[in-house]
Each structure stands twice: as C-alpha cells, then as structure tokens.
Amino acid sequence: MKYNRLGRTELSVSAVGLGGWSFGGGTDWGPADETAALNAVSAALDAGINVIDTAPVYGESEALIGRALKGRREKALLATKCGLVKNSSWTDHDLRPQTIIRQLEESLRRLQTDYIDLYQIHYPDPQTPLADALATLARLKEQGKIRHIGLCNVRAEELAAASAVCEIASVQNEYSLLHPQKGDEILPACRQASVGFIGYGTLCGGILSGKYGREPNLRRADARNYFYKCYRGEAFLNARAKAVRVSALAGRLGTCPAAVAAAWALAAPGVSCVLIGARGAEQAAQNAAGAEITLSAQDLAYLEERPCTCIR
C-alpha cells in the first residue's frame with residue numbers, strides 16, 4: 001500500500017480508502033450483508049488501507065464500522081462527518097453548534113471510540129455561516145474529540161474562506177474518470193493551500209468496475225439513480241463506453257477495473273486518497289491494488305480518449 005501525507009497534518013493516509021456509505025444499506029443501497037461488510041473492513045485493514053470514511057446519514061454504517069474495528073481501532077484513521085440530518089424521506093442541512101456537538105457525540109458512541117481522526121463538514125449549510133461551524137469544530141478539536149478538520153463538497157472559494165478561520169486538513173469532493181471536470185477548480189486550490197484532497201465516487205457507484213453490461217433497473221431512491229446520474233439513457237451509454245476502456249486496460253495490466261479507476265484518480269497531482277466502497281472482502285482487496293498501479297502517459301490518454309502527446 002502506498003501512503004501519502006494528508007495536507008500539512010501528521011496523518012499518513014493510504015492512497016486507497018474504504019468508503020462506508022454502502023454499509024448503511026437502506027433505501028440508498030438496498031439490504032446490506034453485515035457479515036460481508038465486517039469482512040470487507042477486516043480485509044481492507046489487512047491490505048494496508050487505513051482510511052475508513054462514513055457519516056451519520058449513512059444508515060447503520062457507523063455502528064457496523066464500530067463493531068468491525070473492535071480491537072483494531074489503532075489500525076484505522078476514522079473519518080466521519082456532520083451537518084446532514086435525516087428528516088423522514090428528506091435530508092436537511094444543519095451546522096448549528098448544538099447539532100454538530102450532538103452528531104459528534106452520537107458518532108463517537110456508534111463508532112465505539114473517544115476521538116475521530118478526521119471530522120468533516122458534509123455539506124455547507126446555507127443557514128449557518130461556515131465560520132461559525134468551523135469555530136465549533138475548533139473547540140471540539142481543542143477538547144481532543146477530533147484530531148483534524150475537513151470539508152466535503154465545497155468550492156474553491158469556500159475552502160479559501162475556511163482556511164482563514166482555522167487549519168483545514170482536507171477536502172473531500174467527488175472526482176472520477178467519468179467526472180474529471182469536478183477537479184478543475186478544487187484540486188489547484190487544495191495544492192495552493194497545502195490541503196489534502198480525498199476523492200469519492202471513484203467508481204461512480206460501481207459502473208466503472210464493469211459490472212453493468214446494460215442499463216440497470218434501479219429503484220427511484222437508489223443512490224445510483226439520484227446521486228451519480230450516469231445510469232440512465234445517453235449518460236449510461238457514455239459511462240458504459242468509458243467502463244469498457246477501463247476494463248480493457250485492466251486486462252492488459254493484469255489487474256481489476258476498480259484498481260485502474262483508482263489509479264487514474266491518484267495520478268492527478270495533489271490527490272491524497274480515493275475512497276471506494278466494498279461489498280465484501282474480495283472487493284476490498286481488489287480496490288487496494290489501485291494504490292500500487294502507476295499508469296503511463298499512454299494509459300492516461302487511452303482512458304481519457306485523447307491523443308497522447310508524450311515523447312516516446
């Protein structure tokens with residue numbers, strides 16, 4: 001496993017991390033197999049993955065990860081979040097101080113730990129100034145309940161504003177071969193501010209793993225249906241064509257498509273870690289292989305469907 005320093009912190013993070021959203025099951029991802037999920041966490045740790053990312057709104061994810069890490073807490077860098085609250089079928093943004101404090105205490109209980117390595121604002125809250133939320137997180141950091149502060153789903157100007165309030169360890173935004181434009185502004189901003197970047201959606205819900213040969217029949221509430229927006233019509237056809245290239249290159253390199261998709265994202269300057277979910281131990285081990293692959297200029301050009309301008 002390859003490790004990178006996260007921004008200016010002392011944290012050494014695995015280049016591939018384990019995303020915990022699918023562990024929560026529910027309407028977002030369908031029924032979760034607890035035994036398989038527990039095995040996935042164990043296999044990830046055995047493969048050298050130390051970043052395990054979750055959130056309170058991911059259903060049972062935090063509680064499951066807490067059980068999985070019993071006796072192995074020191075092996076993991078736990079990342080969770082605050083600021084989203086489930087309200088029946090709706091999700092509210094809420095970064096008021098009392099909500100942040102309550103969510104942190106609940107996360108600590110579910111994760112069976114007394115500190116969080118990376119505590120992240122899940123999304124900015126239009127009703128709460130970002131500076132106020134960060135001030136609350138800074139106090140919790142002083143109390144030792146969180147080690148570092150991160151931001152998720154932010155724009156470059158929001159990172160700049162946050163960095164003026166307190167030290168920001170990382171930004172976690174969507175970034176993948178299917179949506180490379182999402183890194184155009186935030187990646188240079190992270191490099192300029194010496195802030196780590198954690199990419200999520202590396203497989204866009206699994207489509208870049210090559211698992212979908214045809215358009216799937218997904219429930220309306222399925223996360224692949226409403227979040228990644230590449231599972232219907234022309235968007236699916238385009239994504240499927242890209243997935244075919246990923247699979248073809250994986251075959252030439254003797255690895256799996258998920259590892260190639262991870263290696264593509266990790267090739268961008270400033271990317272510290274990419275998060276990939278896993279339904280079981282085998283997937284977790286396959287995902288970890290992405291940290292060991294170095295794609296050539298020709299490989300990158302092939303995946304991005306552009307001419308290679310490298311000197312041969």
*Asks:* If the condition is ring pair (Phe, Tyr, Trp, His ring centres under 6.0 Å), which residues does Phe227 pass it with, not counting sequence neighbours?
*Replies:* Trp21
*Asks:* State which residues pass ring pair (Phe, Tyr, Trp, His ring centres under 6.0 Å) with His93; sequence neighbours excluded, sorted by chain then number.
*Replies:* Tyr123
*Asks:* Taking atom CZ of Arg252 as the centre, report whether more than 12 heavy atoms of other residues, nucleotides or ligands fall under 6.0 Å from it.
*Replies:* yes
*Asks:* Counting N and O atoms only, with roles assigned by atom type, does the side chain of Arg232 sit under 3.5 Å from a partner on the main chain of Pro216, one being a donor and the other an acceptor?
*Replies:* yes
*Asks:* Just to verify, what does Lys145 make a salt bridge (Lys or Arg N to Asp or Glu O under 4.0 Å) with, not counting sequence neighbours?
*Replies:* Glu105
*Asks:* So, Thr202 side chain and Leu275 main chain: donor-acceptor pair closer than 3.5 Å or not?
*Replies:* yes
*Asks:* Please determine whether the number of non-hydrogen atoms from other residues, nucleotides or ligands lying under 6.0 Å from atom CD of Glu185 exceeds 12.
*Replies:* no
*Asks:* Would Arg191 pass as a cation-pi partner of Phe197, given that its NZ or CZ must be under 6.0 Å from the six-membered ring centre and within 45 degrees of the axis?
*Replies:* no
*Asks:* So, are Glu158 and Arg155 salt-bridged, with charged N and O less than 4.0 Å apart?
*Replies:* yes
*Asks:* Only counting residues at least two apart or in another chain, list the ones meeting ring pair (Phe, Tyr, Trp, His ring centres under 6.0 Å) with Tyr212.
*Replies:* Tyr231
*Asks:* Output every pair passing ring-ring contact (aromatic ring centres under 6.0 Å, His included) with a member in residues 60-90, not counting sequence neighbours, ordered by first then second residue.
*Replies:* none
*Asks:* How about Asp53 and Gln120: does a side-chain donor come under 3.5 Å of a side-chain acceptor?
*Replies:* yes
*Asks:* So does Arg219 pair up with Asp28, basic N to acidic O under 4.0 Å?
*Replies:* no
*Asks:* Cut-off 3.5 Å, side chains only: do Arg96 and Thr136 have a donor facing an acceptor?
*Replies:* no
*Asks:* Can you name the ring pair (Phe, Tyr, Trp, His ring centres under 6.0 Å) partners of His122, sequence neighbours left out?
*Replies:* Tyr58
*Asks:* Is the shortest distance from a Lys or Arg side-chain nitrogen in Arg73 or Asp117 to a carboxylate oxygen in the other one below 4.0 Å?
*Replies:* yes
